[in-house]
Amino acid sequence: AARRPLDLTAVLDGTLPAAGTAVTCPARAGVLGVLRTARAEHPSWDVRCLDLETAGDVEPEAGAETVLRAPSGHPVLARRAGRWLTQVFRPLPDGTGQIAASPWRPRGVHLIAGGAGGIGYALSRHLARTTAADVVWLGRRPATDAAVTERLAAVEAAGGRARYVQGDVSRPDDVRAALAVAHASFGPVTTAVHAALDLRDRTLAFAAADDLRSAMLAKDRGVRVLHEVLRDEPLDHFVLFSSAVSAIDSPGQAAYAAASTVEDALGRALHARGPVPVTVVNWGYWGSVGAVADPRRARAMAETGVGSIEPADGFAALERILAARTPQALVARATPRALRELGLVVEEAAAGKPVAEDTFVGEAVVGEAVSLEAESVAGKDPLDTLAGALLAAELTAAGALPAPGERLPAATTAQRLAVQPAHRRLFEALLPVLERAGAVRR
Ligand SMILES: NC(=O)c1ccc[n+]([C@@H]2O[C@H](COP(=O)([O-])OP(=O)(O)OC[C@H]3O[C@@H](n4cnc5c(N)ncnc54)[C@H](OP(=O)(O)O)[C@@H]3O)[C@@H](O)[C@H]2O)c1
């Protein structure tokens, strides 16, 4: 169906905490992520997910009729008490969580699944420096890995103590082994962080079941196992590092989006169950550390109005969220326009604008929507803009684009790139993409 129009509606229940209802079927929430990606990859499809209310308040006689009459144009809708609700983000009010006391106890013991990775390691150093923390990392690579040993040493140099346990967070025995190391080396665990991910980016046309399974294993099963094994620990915080991808339509990320929407739903269900204080943080883009840190991507993102969350700002936001005891928060560094283009609806709380009748203000909040100085590139389709920016970066690095102010025949650019005759049409087709990205003017 890739090339023809298609109407695709998923009818679910128990996946969204809309209007204060319980998330009863977190695993099903993966459908939201997969279909949002399908929507992004197939603009000619009309794709949406409807989360109907579970037992009690459904309108059984109107079931099919209700589904068919759902308002179009929304990727995700929840039906509660006879109304359709969409997700709206509310900015964390100024001052929320800005208290004198840190949410971290001094010399706390932090078990971090994925702790040797980019953000986990940066958080560990931050905690070592500010609270003389003890950290235990769980990761699949061997303890002899050079990056692991270097990073352990850096945490110790920053004033903490650090251990690494080789294992998989989706395997109970491995998590128990990490817990045993924490107990033997430092004592009871006071914070658990789930920061593991298995990124399997592929468009749906090329994605295999195995991609979905692996992405899910790290997050869905990983969160459940970590929560279960640590249930008797005196936890101040149980933090899930999820992604903003679960709130947007992101092409090429079906597996990761599904894992993230499940992680969110699971976090909300576990938060409601208590007593362990579970918090979901949906991170936006980190450009200097982590799985997708590279300067070229960061530049391209900046051109679309999305900036890099840097460790100092990210952890300041995290501390505000934890201090505020918010169950879920999205942290992004982006211009309001970029948020809009990504489809994130942010309530204009400051202006005191009333929320439209048919919208639902979720408990999820935007922690930090910071304006960037980078100019947004003109262009309506964010994917086209991003593709153009990446292409421009590539051609600039290859020395094929004219210098600022320089005029160059297109043929010269083709020569510099040694474009083969068979690729000549592709080259011609890419020029308008560059033009729309603002990289050249013809
Ligand atoms: N970077 C971003 O821009 C960004 C944005 C949104 C959300 N996040 C979230 O932030 C968290 C950290 O991301 P990151 O950028 O720091 O990623 P990263 O650098 O790739 O680190 C992730 C770590 O998880 C470990 N891991 C993966 N699967 C595991 C498993 N099954 N069991 C145990 N460990 C496992 C990996 O080590 P091994 O391979 O050795 O196991 C790796 O060290 C993730 O939860 C991610 O979803 C990141």
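Each ligand, and each atom within it, is numbered from 1 in the order the structure gives. Note that the numbering runs from 1 along the sequence shown for the chain.
Looking only at protein heavy atoms, the nearest one to atom 40 (O) of ligand 1 is Arg141 NE, 2.7 Å. From the protein, the heavy atom lying nearest to atom 25 (C) of ligand 1 is Gly114 CA, 3.7 Å. In terms of protein heavy atoms, atom 1 (N) of ligand 1 is closest to Ile119 CD1, 3.7 Å. In terms of protein heavy atoms, atom 12 (C) of ligand 1 is closest to Ala195 O, 3.3 Å. Ranking protein heavy atoms by distance to atom 26 (N) of ligand 1, first place goes to Ala196 CB, 3.8 Å. Of the protein's heavy atoms, Leu197 CD2, 3.1 Å lies nearest to atom 17 (O) of ligand 1. Of the protein's non-hydrogen atoms, Asp168 OD1, 2.9 Å is the one closest to atom 31 (N) of ligand 1. With respect to atom 5 (C) of ligand 1, the closest heavy atom belonging to the protein is Gly284 O, 3.1 Å.
Of the polar atoms of Ser243, none of the N or O atoms is found under 3.5 Å from an N or O of ligand 1, judged by distance alone. Every N/O-N/O distance between Tyr285 and ligand 1 stays at or above 3.5 Å. Looking at ligand 1, you'll find an N or O of Phe241 within less than 3.5 Å of one of its N or O atoms. Between Trp283 and ligand 1, not a single N/O pair is under 3.5 Å apart. Inclusion of Lys219 in the set of residues having an N or O under 3.5 Å from an N or O of ligand 1 is warranted. An N or O contact shorter than 3.5 Å is missing between Gly290 and ligand 1 by distance. Residue Ala291 places at least one N or O, backbone or side chain, under 3.5 Å from an N or O of ligand 1. Checked against a 3.5 angstrom limit, the closest N/O atoms of Ala244 and ligand 1 fall outside it. Checking only distances, Ala113 never comes within under 3.5 Å of ligand 1, N or O to N or O.
Close approach to Gly139 involves these atoms of ligand 1, each under 4.0 Å from a residue heavy atom: 33 (C), 34 (N), 41 (O). Each of the following atoms of ligand 1 lies closer than 4.0 Å to a heavy atom of Gly118: 16 (O), 18 (P), 19 (O), 21 (O). Less than 4.0 angstrom separates some heavy atom of Val292 from each of these atoms of ligand 1: 1 (N), 2 (C), 3 (O). Here is the list of ligand 1 atoms found below 4.0 Å of a heavy atom in Ser242: 6 (C), 7 (C). Proximity to Leu138 (heavy-atom distance under 4.0 Å) selects the following atoms of ligand 1: 33 (C), 34 (N). With ligand atoms numbered from 1 in the order given, ligand 1 contributes 32 (N), 33 (C) to contacts under 4.0 Å with heavy atoms of Gly167.
Within 6.0 Å of the CZ atom in Arg273, the count of heavy atoms belonging to other residues, nucleotides or ligands does not exceed 12.
Proximity of Gly287 to ligand 1 is not established, as no heavy-atom distance is less than 4.0 Å.
Exactly one residue among Thr190, Leu322, Asp236 makes a side chain to side chain contact (heavy atoms under 4.5 Å, CB included) with Trp104. That residue is Leu322. Screening Val306, Val245, Ile309 against Tyr285 for a side chain to side chain contact (heavy atoms under 4.5 Å, CB included) leaves a single residue, Val306. When each of Arg125, Arg161, Arg163 is paired with Glu156, the salt bridge (Lys or Arg N to Asp or Glu O under 4.0 Å) condition holds for Arg163 and for no other.
A side-chain donor-acceptor contact under 3.5 Å links Ser246 and Asn282. Between the side chains of His183 and Glu233, a donor-acceptor pair is found at a separation under 3.5 Å.
For His194 and Phe241, the ring centers sit 6.0 Å or farther from each other. Aromatic rings of Tyr121 and Trp286 (six-membered ring for Trp) have centroids beyond the 6.0 Å cut-off, not under it.
A salt bridge does not link Arg140 with Asp174: none of the charged nitrogens is closer than 4.0 Å to a carboxylate oxygen. Under a 4.0 Å N-O distance rule, the pair Arg176/Asp173 qualifies as a salt bridge. With salt bridges taken as basic N to acidic carboxylate O contacts below 4.0 Å, one links Asp220 and Arg224. A salt bridge between Asp51 and Arg80 is present, with a side-chain N of the basic residue lying under 4.0 Å from a carboxylate O of the acidic one. By the 4.0 Å N-to-carboxylate-O rule, Arg333 lies too far from Glu310 to be salt-bridged with it. Under a 4.0 Å N-O distance rule, the pair Asp211/Arg213 does not qualify as a salt bridge.
In this structure a side-chain-to-backbone donor-acceptor pair under 3.5 Å is present from His271 to Val278.
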For this session: Just do the side-chain contact (heavy atoms from CB on, under 4.5 Å) check on Leu52 and Val67 with the steps written out, would you?
Result: CA-CA 9 Å; Leu52 304 184; Val67 166; 4.2 Å; yes
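Of the heavy atoms in Leu217, none comes closer than 4.0 Å to ligand 1. Under 4.0 angstrom from ligand 1, there are no non-hydrogen atoms of Ala293. Both the backbone and the side chain of Val169 come within 4.0 Å of ligand 1, judged by heavy-atom distances.
A heavy-atom distance below 4.5 Å is found between the side chains of Leu417 and Leu395.
Considering each of Arg140, Arg151, Met301, the one bringing a non-hydrogen atom nearest atom 41 (O) of ligand 1 is Arg140. The residue among Tyr164, Tyr121, Tyr256 with a heavy atom at the shortest distance from atom 47 (O) of ligand 1 is Tyr256.
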